[in-house]
Amino acid sequence: MKYQRIKGTQDILPEAEPYWAHVTSTVQALARRFGFEQISTPMFENTALFARGVGEDTDIVSKEMYTWLDRGKDGEQGESLTLRPEFTAGVMRAYIENGFASRPQPQKLYSVGPIFRREKPQKGRYRQFHQFNAEIIGSDDPVADFEILLLTHTLYRELGFKNLVFQINSTGDPECKPRYVAALKQYLLPYADKLAPTDRDRLERNPLRVLDSKERETLPYLSGAPHIVDYLNDDCKKHFDEVLSYLSAVDIPYQINHRLVRGLDYYTKTVFELWGEGLGAQAALCGGGRYDGLIELLGGAPTPGVGFATGIERIIMSMQDQGIEPPALARPQVFVAYLNEAAKLVAVKLVTDLRNAGVGARIAFGGRSLKAQMKDADRTGCRFALIIGEDELKTNSVILRDLGKSEQASVPMADLQTWVTNLIDVRTTPPQEEQPESAAEEAK
RNA sequence: GUGACCAUAGCUCAAUUGGCAGAGCAUCUGGUUGUGGCCCAGAAGGUUGCGGGUUCGAGUCCCGCUGGUCACCCCA
């Protein structure tokens, strides 16, 4: 066992494929149904993009990035590069760089792919994990916020989650946010020496973060804290109310969570999270919000935006915890077995014809006994076996065996085309009785 | 980054007060000529995570490292 996985990374095994295929295809189909287009940006960017876009003081930038110095020309030191710790900054860079401001606004873009954060791994937390990300760039209309919320809600609902409730709040804008922060600080200051040590620290550096503290000593003082919604200016207040009214209009439940503030610097106005079960301390299934100043910060024209990201692994883990089963994957329905070298040649042609006709087929490998081949046919869940032996070669026919019914018939090779045509229906029909075919499934 | 617990075959786990590393499942091959599931037999599979130490002798005791799990921090 010389080589092993890098800490915090994972091998996604075939057993997990039904979940991954289901979640990723659902996500993509849904994004397209909502009118989003896919954008795929590089997995690494200039370090400065993330430092600026995510915020120097965030945990992500200050201690969780995979950063290295690239090689420059003639042995000189190259630029500092970083594996993306989130999608948004890279998507914004692409928006600016590709002149998306000259396309019809707003632009609705989604991405799916790996994200890297150098954290200590635990349940539901990996150093390389996958996100589905969606952004609406170029509109400050509250209906854009609503679209993002509706997209996430629809996603989880269609995946089979029940009782979904958004945690939602507004963090105001650069005009009203500071007023609230001052008020919050003023309220907390008298209790400063009674707060948990970490929160005393936060009170100085980032008072907003005291709000979502989980420290026992701090909690009693938070209930009386001022609410940011009471400090919003007219614009932010109106925006927030509108978003909520749209949610109500389509009966999407939400809770205003006055203590919800998100860790990334760029959020303005709407912020939200959705919590899942079975994730231990990593309850957040997704998070998102509005980031009206971000594009300008990154060198573009002032452009509003709103978006969200969700973790694929966390979705799958939560599904498993709640017993939500993904649909079975389609797999080959026909197994071609043979008895000698001459028959093998016919089998090769046969399996090729089947596949060209759109029928999923497997061919036996190696000089194994027919018994071993049939066992393989059974284990791989095929519904039919085609067997070619000496007699079949002589009579130019094949044996077609129905593995479910344990019936078989000799079919002239000439008629096989008809059989194949009938089998094409089999291709599109999901497998009926699932045979337990792997150790992993039986072990469960 | 901090703390707690854990590490034996592909998987799930055994192994008396330190005394020859085992089972079930999975894998492969058979159970007479060319047929799957059930059953039976056999085979293969381990430097007990890695490296030190104590001891006549270490899977077992001690130390370090690596990895895993859970929690803190923060987040997906």
Side-chain angles (χ1 to χ4, degrees), chain A residues 1-2 4-10 13 15 54 58-64 85-87 114-133 152 196-199 201-202 206 209 212-216 261-264 273-276 279-288 308-318 335 337-340 343 364 366 368-393 399-408 433 435-444:
Chain A
M1 295 290 273
K2 193 163 184 189
Q4 54 183 329
R5 250 175 287 142
I6 301 303
K7 185 191 187 104
T9 63
Q10 49 179 343
L13 304 181
E15 294 89 293
V54 181
T58 59
D59 281 14
I60 290 178
V61 171
S62 61
K63 57 186 191 191
E64 295 174 0
E86 58 124 49
F87 269 116
I115 294 292
F116 306 84
R117 289 183 199 169
R118 201 183 176 291
E119 294 187 275
K120 185 149 180 178
Q122 64 190 76
K123 190 179 184 68
R125 168 182 292 171
Y126 300 96
R127 288 183 167 187
Q128 176 181 338
F129 62 100
H130 298 75
Q131 283 191 343
F132 165 57
N133 182 268
T152 66
T198 52
D199 288 324
D201 223 45
R202 286 172 175 157
N206 193 349
R209 299 223 60 85
D212 67 355
S213 171
K214 289 156 206 147
E215 302 287 342
R216 219 165 257 272
V261 293
R262 302 211 7 106
L264 307 178
E273 286 184 1
L274 198 60
W275 297 342
L279 297 170
Q282 276 61 53
L285 206 52
C286 81
F308 97 109
T310 186
I312 308 283
E313 284 85 351
R314 287 193 183 176
I315 290 177
I316 290 173
M317 221 171 275
S318 206
F335 189 96
Y338 49 85
L339 274 157
N340 57 36
R368 308 179 74 190
S369 66
L370 186 58
K371 177 175 180 162
Q373 295 182 50
M374 291 303 290
K375 197 171 179 181
D376 222 26
D378 185 47
R379 253 187 318 210
T380 52
C382 291
R383 288 174 66 185
F384 301 96
L386 296 178
I387 304 165
I388 306 162
E390 285 173 32
D391 295 348
E392 286 69 35
L393 286 178
I399 291 173
L400 187 145
R401 181 174 177 84
D402 185 320
L403 293 166
K405 295 178 184 162
S406 294
E407 292 168 359
Q408 65 185 47
E433 296 138 311
Q435 305 274 0
E437 102 267 39
S438 73
E441 276 180 27
E442 291 209 338
K444 287 171 195 165

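- With hydrogens and angles ignored, a donor-acceptor pair closer than 3.5 Å exists between the side chain of A:S406 and the base of B:G36.
- The shortest distance between the side-chain N/O atoms of A:R118 and the OP1/OP2 oxygens of B:G1 is below 4.0 Å.
- One interatomic measurement links the two molecules: CD of A:Q122 to C1' of B:U69, which rounds to 10 Å at whole-angstrom precision.
- The side chain of A:K7 places an N or O atom within less than 4.0 Å of a non-bridging phosphate oxygen (OP1 or OP2) of B:G67.
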Side chain to side chain contact (heavy atoms under 4.5 Å, CB included) for A:K375 and A:R368? Distances and angles first, verdict last.
CA-CA 11 Å; A:K375 197 171 179 181; A:R368 308 179 74 190; over 6 Å; no
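- Comparing B:A76, B:G34, B:C73 by their nearest atom to the side chain of A:K63 picks out B:C73.
- Here the C1' atom of nucleotide B:U29 and the NZ atom of A:K375 are 10 Å apart, to the nearest Å.
- Distances shorter than 4.0 Å separate none of the side-chain N or O atoms of A:Q4 from OP1 or OP2 on B:G67.
- When the C1' atom of B:C5 is taken as reference, atom NZ of A:K123 falls 16 Å away, rounded to whole Å.
- Under 4.0 angstrom from either OP1 or OP2 of B:C75 there lies no side-chain N or O belonging to A:R314.
- Within the structure, a side-chain polar atom (N or O) of A:R368 is placed less than 4.0 Å from OP1 or OP2 of B:U29.
- Base contact: A:R117 has a heavy atom under 4.0 Å from a base atom.
- Residue A:D376 is classed as having no contact, given no heavy-atom separation below 4.0 Å to the nucleic acid.
- Between the CD atom of A:E64 and the C1' atom of B:C72 there is a distance of 14 Å, given to the nearest Å.
- Considering only side-chain N and O atoms, A:R379 lies under 4.0 angstrom from the phosphate OP1 or OP2 of B:C28.
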